[in-house]
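Dumping the structure here so I can ask a few things about it.
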Amino acid sequence: NFFDLGGHSLLAAKVVARIRQALRVNLPLSAIFESPTVGGLADRVRTLVREDKNPFDTPLVPANSGHAAPLSFAQQRLWFLDQLEPNSPFYNVPMAARLLGPLDFAAMERSLNEIVARHESLRTTFQLLEEEPVQVVAPTMRLPLTTVDLGHLTPDEREAEARRLVSEEARRPFNLSTGPLFRALIVRFDADDHILMVNLHHAISDGWSLGILSNELAAVYEAFRTGAPSPLSPLPLTYSDYALWQRNYLGGGALERQLDYWKKQMAGAPLSIELPTDHPRPPVQTFN
């Protein structure tokens, strides 16, 4: 059983991606939870092959259209939530790391901007075009590396102020239409002790993205610190390419079939779920 072996949701996503790539079937993520053994997954794959519901008939290729791309369905959900409750920090994706040892500020700032240039998502904003939200990718964008020096404070004061600064940055909202949707902050304790804080909106990132960002930043920073070029090769596809592919794949009735399925599954379900809790549920969600 996948979960008995220590599997979790991020590993499940990786397994599904590998199965899709190797066997060319559109295995949903839920299949891992519903059939968490090799035998059970094999049965699911056989069923999909028989039904011939194969997204790979619509190849994922670079679009290079030069036009604003549609939102993916995940982005559309987050854009809608932002319209529903503007200036909310609830979908921020912050990450902070303690950096021990000498820090090359110039190499760090250059490294962050190298990653911004590499990933279109980090240069993306969301604007209305003919009353529909679209992805707008800036051809270039410079990310400033904000620095706060706490060297004048006592050690205890530094820790408290650093926590306050990081917490404050994590809760600072993003504007999806103007951007940028990626910010970076360095908090300096002394010459050999810093905190690097990055904050992204969930519309351009997720938990998996933070791992990619960390690995690429470490590789690029090490290269730039020693005067070497970036070791990262160009990306063959962008997230805009994926969004276009997803819309094309779900065209032609596929989306309607999926919606019909869930409407039948959810028919008669309660409008809200009242769980027994210590306090009554407030009219407006607080996220406490």
Next item on the list: Quickly, which of T124, N199, L112 forms a side chain to side chain contact (heavy atoms under 4.5 Å, CB included) with F182? Name it, please.
Entry: L112
Check: Under a single-linkage rule joining Ile, Leu, Val, Met, Phe, Trp and Tyr whose side-chain heavy atoms are separated by less than 4.5 Å, which residues share a cluster with I212?
Finding: L10, W208
Checklist line | Short N-O contact, D260 and R257, less than 4.0 angstrom | finding: no
Note to self: Can you classify the ring geometry of H201 versus Y91 as parallel (below 30°), tilted (30 to 60°) or perpendicular (above 60°)?
What the structure shows: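 Judged by the thresholds at 30° and 60°, the geometry between H201 and Y91 is tilted.
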Item checked: Donor-acceptor pair between Y239 and S72 side chains, under 3.5 angstrom ->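 The criterion, which ignores hydrogens and geometry beyond distance, is satisfied for S72 and Y239.
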Checklist line | Residues which pass side-chain contact (heavy atoms from CB on, under 4.5 Å) with L232, listed by chain and number, not counting sequence neighbours | finding: R118, E216, V220, S230
Note to self: According to salt bridge (charged side-chain N to carboxylate O under 4.0 Å, His left out), does anything in residues 219-231 pair up with another residue at least two apart or in another chain? List the pairs.
What the structure shows: E222-R225
Check: Looking at residues at least two apart in the chain, or sitting in another chain, which of them share a salt bridge (Lys or Arg N to Asp or Glu O under 4.0 Å) with E132?
Finding: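 E132 satisfies salt bridge (Lys or Arg N to Asp or Glu O under 4.0 Å) with no residue once adjacent residues are dropped.
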Next item on the list: Kindly give the cluster partners of L100, where membership spreads through any ILVMFWY side chain lying under 4.5 Å from a current member.
Entry: none
Checklist line | Fellow cluster residues of V166, listed by chain then number, with links counted only when side-chain atoms sit under 4.5 Å apart | finding: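 Traced through the cluster, V166 reaches V148, L150, L153, L165, L185, V187, F189, I195, M197.
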Notebook entry, point to check: Between R172 and E169, is there a salt bridge with N-O shorter than 4.0 Å?
Noted result: yes
Check: Under 4.0 Å between a Lys/Arg side-chain N and an Asp/Glu carboxylate O for K263 and E256?
Finding: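 Answer for the salt bridge query: no.
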